[in-house]
Amino acid sequence: MIIRVNHVNINYELYGNGEPIVLLHGNGESHKVFDRLIDCLQKDYRVYAIDSRCHGKSENTKNISYHLMADDVIAFINTLKIEKPILYGFSDGGIVGLLIAVKEPYLLSKLIVSGANICPDGIKKFNLTFYRLAYFFTGNKLVKMMVKEPDIKTSELRKIKIPTYVLAGQRDIIKHTHTKLIADNIPQSTLEIIPNENHSSYIVHSDKIYKIIKKFI
């Protein structure tokens with residue numbers, strides 16, 4: 001389904017009934033990475049699976065940034081009058097989730113982020129160097145966003161008012177110290193490092209993430 005919010009056409013799919021939960025995918029992906037998670041969630045939850053701008057079937061706008069995507073999702077929730085949804089964001093979706101919780105402290109009921117960072121230096125050096133080279137040779141605006149953004153201050157994280165579950169894989173591309181920094185600065189946060197998993201192995205086309213977040217949601 002297509003909805004126009006924040007001056008952009010956003011594609012989303014709706015599944016199940018119950019307490020609302022919004023899913024936000026990572027860079028270069030679409031909501032389809034959550035297929036196995038959606039299968040599990042839709043039995044008990046009303047699932048809003050969004051394609052971020054410039055991803056999936058959403059509008060490929062000239063401009064993209066984490067702040068723009070956060071504003072898109074805020075407008076999406078308000079337009080559809082979704083009351084106090086849980087939000088789960090993976091990677092870039094996690095960054096967007098953090099920004100939403102900073103911008104609108106009472107919009108969500110709970111926040112779950114996995115593999116998120118608050119600045120490019122939160123990415124391990126080898127991976128960040130690879131992304132910088134990729135941007136140098138391709139000029140891809142999605143890659144540019146990863147190497148230039150975000151810039152979320154720890155003082156902003158302390159504004160988050162809702163219970164937050166901060167996740168990362170044991171072999172994530174995000175530094176463990178950075179993930180801990182995020183959790184340490186969110187007042188009502190729980191940190192968990194998932195053993196033997198990398199950035200996406202327990203999330204993309206996997207039901208492992210459902211088993212992990214089920215106790216939190």
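Positions are given from 1 along the sequence.
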For [X] and [Y], indicate whether the former's side chain and the latter's backbone hold a donor-acceptor pair under 3.5 Å.
X	Y	answer
D207	Y210	no
S58	C54	no
E149	Y66	yes
S30	G56	no
K161	V102	no
H178	I118	yes
T79	F76	no
D172	G169	yes
S52	H55	no

Can K110 be said to sit on top of F216's aromatic six-ring, NZ or CZ under 6.0 Å from centre and within 45° of the ring axis?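 Verdict for F216: a cation-pi partner in K110.
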Answer yes if [X] and [Y] sit in the same cluster of Ile, Leu, Val, Met, Phe, Trp and Tyr residues linked by side chain heavy atoms under 4.5 Å apart, and no otherwise.
X	Y	answer
I213	I174	no
L24	Y15	no
I212	V47	yes

Begin with the C-alpha distance, continue with both residues' side-chain angles, and end with the deciding distance and a verdict on ring-ring contact (aromatic ring centres under 6.0 Å, His included) for H199 and F90. CA-CA 9 Å; H199 186 61; F90 163 55; 5.1 Å; yes
Show the numbers, then the answer: is there a side chain to side chain contact (heavy atoms under 4.5 Å, CB included) between K175 and N127? CA-CA 11 Å; K175 299 172 183 174; N127 300 93; over 6 Å; no
Would you call [X]-[Y] a salt bridge at under 4.0 Å N-O?
X	Y	value
K159	E104	no
R53	D72	yes
E197	K208	yes
K103	D71	yes

With no hydrogens and no angle check, just 3.5 Å: does a side-chain donor-acceptor pair link [X] and [Y]?
X	Y	answer
Y12	D51	no
S114	Y88	yes
N185	K180	no
K211	Y202	no
H205	D35	yes

Do other residues, nucleotides or ligands put more than 12 heavy atoms under 6.0 Å from the [atom1] atom of [X]?
X	atom1	value
K214	NZ	no
K144	NZ	no
K57	NZ	no
K125	NZ	no

Among residues at least two apart in sequence or on other chains, which ones pass side chain to side chain contact (heavy atoms under 4.5 Å, CB included) with N9?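 Expected list: I2, R4, E59.
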Taking all non-hydrogen atoms of both residues into account, name the closest pair between [X] and [Y] and its distance.
X	Y	value
T179	A168	OG1-CB, 3.8 Å
P163	S109	CD-O, 3.6 Å
I82	P20	CG2-CB, 3.5 Å

Determine, step by step, whether L142 and D92 satisfy the side chain to side chain contact (heavy atoms under 4.5 Å, CB included) criterion, reporting the C-alpha distance in whole Å, the side-chain angles of both residues, the deciding distance to 0.1 Å, and the verdict. CA-CA 10 Å; L142 300 182; D92 276 18; over 6 Å; no
Please report the interatomic distance [atom1]([X]) to [atom2]([Y]), rounded to the nearest 0.5 Å.
X	Y	atom1	atom2	result
Q170	I194	CD	CD1	10.0 Å
K124	R171	NZ	CZ	9.0 Å
R36	D39	CZ	CG	7.5 Å

Which is it for I186 and L98 under the side chain to side chain contact (heavy atoms under 4.5 Å, CB included) test, yes or no, and what are the steps along the way? CA-CA 10 Å; I186 298 175; L98 291 171; 3.9 Å; yes
Between I50 and L23, is a side chain to side chain contact (heavy atoms under 4.5 Å, CB included) present by the stated rule, with each step listed? CA-CA 6 Å; I50 298 175; L23 304 181; over 6 Å; no
